[in-house]
Amino acid sequence: MSIHLNAQPGQIAETVLLPGDPLRAQHIAETFFKNPVQHNSVRGMLGFTGTYKGQRVSVQGTGMGIPSAMIYAEELITQYGCKNLIRVGTCGSYQEHVKVRDIVIGQAASTDSNINKIRFGEKTFAPVASFDLLLAAYQTAQERGFTTHVGNIISSDTFYHDDYEQYRIWKDFGVLAVEMEAAGLYTTAAKHGVRALTILTVSDHLITHEVTSAEERQLTFNGMIEVALDAALNIG
Ligand SMILES: O=P(O)(O)O[C@H]1O[C@H](CO)[C@@H](O)[C@H]1O
Ligand SMILES: O=c1cc[nH]c(=O)[nH]1
């Protein structure tokens, strides 16, 4: 047991899917896992372990924002021995060609957060995905015919910005989409030498203002989950 997880030792698999929304974690377990067992209830941050195509796999909600996600990533790695951490989340598109319901794979994660200034001071650390997980996810998405974009994303500490137009600086430098956790996940994984990847589905568009419903964010976007699970199978 750790401070934020009440799973027993050995109860969580080496590969863990990490949605922000704990109810999406439950949906993933009930939809994709064989014999899912709930391994966490602390703070209602639901986590489950089962099998997918014969391989043990877990899913753990992380909450919203880098600090929350980093707590779960740190405890999963250091207390439960997790080795492959795959975030499955939603994002807002910053680019015209990245459409609502497309998949975005975060090759790197820029951020407006101070997390890495705390560690690195004036030096700049570049949080990046694990290449083998990224490659496996991209190939899986291509095989399944999902419209998939790979590139830089931004993990923001703010969902409701005072200056709506602030996104343009990121857009102008080719950042594909905004979410709120990947930079923290990639940094924690790098610190401990484990794999991490972020796979996102575009839930809303900063330019066209198209949106999806809360229900769709919780219950659907199954394509991205299949991509994450099959990518994990492919790297063994
Ligand atoms: O859908 P999830 O995984 O929660 O991800 C995105 O949605 C939340 C904001 O609505 C933030 O956590 C952001 O990163
Ligand atoms: O963090 C997020 C997630 C989805 N959409 C956004 O605009 N921001």
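For the single chain, residues carry numbers from 1 onward in sequence order. Everything quoted here is computed from the prediction, not taken from an experiment. Whatever order the structure lists ligands and atoms in, that order sets their numbers, starting from 1.
No side-chain donor from either of His39 and Gln11 sits under 3.5 Å from a side-chain acceptor of the other. For the residue pair His209/Asp204, the side-chain donor-acceptor check at 3.5 Å is not satisfied. Side-chain contact annotation: Asp112 with Ser156, donor-acceptor N/O pair under 3.5 Å present. Side-chain contact annotation: Thr148 with Gln142, donor-acceptor N/O pair under 3.5 Å absent.
Counting the atoms of ligand 2 from 1 in the order shown, those under 4.0 Å from a heavy atom of Val178 are 1 (O), 2 (C), 3 (C), 6 (C), 7 (O), 8 (N). Heavy-atom contacts of Arg24 reach the following atoms of ligand 1: 1 (O), 2 (P), 3 (O) (cutoff under 4.0 Å). Close approach of ligand 2 to Asp204 (heavy-atom distance below 4.0 Å) involves ligand atoms 4 (C), 5 (N), 6 (C), 7 (O). Atoms of ligand 1 lying under 4.0 Å from any heavy atom of Gly89, numbered from 1 in the order shown and given with element: 3 (O). Near Phe159, with a cut-off below 4.0 Å to any heavy atom, the atoms of ligand 2 are 1 (O), 2 (C), 6 (C), 8 (N). Of all atoms in ligand 2, listed by their number and element, those nearer than 4.0 Å to a heavy atom of Met180 are 1 (O). For ligand 2, the atoms sitting less than 4.0 Å from at least one non-hydrogen atom of Thr90 are 3 (C), numbered in the order shown with element in parentheses. Close contacts between ligand 1 and Glu179 involve ligand atoms 14 (O) [criterion: under 4.0 Å to a heavy atom].
Contacts of Ser203 with ligand 2, taken as heavy-atom pairs under 4.0 Å, involve the side chain alone.
Looking at ligand 1, you'll find an N or O of Gly20 within less than 3.5 Å of one of its N or O atoms. Taking only nitrogen or oxygen atoms, main chain and side chain alike, Gly92 reaches within less than 3.5 Å of ligand 2.
Shortest non-hydrogen contact noted between Tyr167 and Leu206 is OH-O, 4.2 Å.
Atom 3 (O) of ligand 1 has its nearest heavy-atom neighbour, among Arg87, Met180, Met64, Glu181, in Arg87. When the options Leu18, Thr62, Thr90, Thr201 are ranked by their closest heavy atom to atom 7 (O) of ligand 1, first place goes to Thr90.
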Please list, one pair per line, the donor and acceptor atoms closer than 3.5 Å that link side chains of residues 168-175 to other protein atoms, with sequence neighbours excluded.
unit_1: Arg168; atom_1: NE; unit_2: Glu165; atom_2: OE1; d: 2.5
unit_1: Arg168; atom_1: NH2; unit_2: Glu165; atom_2: OE1; d: 3.3
unit_1: Lys171; atom_1: NZ; unit_2: Glu96; atom_2: OE1; d: 2.9

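Contacts of Thr62 classified as side-chain contact (heavy atoms from CB on, under 4.5 Å), with partners at least two apart in sequence or in another chain: Leu18, Ala69, Tyr72.
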Exercise for the section: Check step by step if side-chain contact (heavy atoms from CB on, under 4.5 Å) holds for Leu233 and Tyr52. Expected result: CA-CA 9 Å; Leu233 271 185; Tyr52 175 77; 3.9 Å; yes
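Ion pair Glu179/Arg87 flagged as a salt bridge, since at least one NZ, NE, NH1 or NH2 atom sits closer than 4.0 Å to an Asp/Glu carboxylate oxygen.
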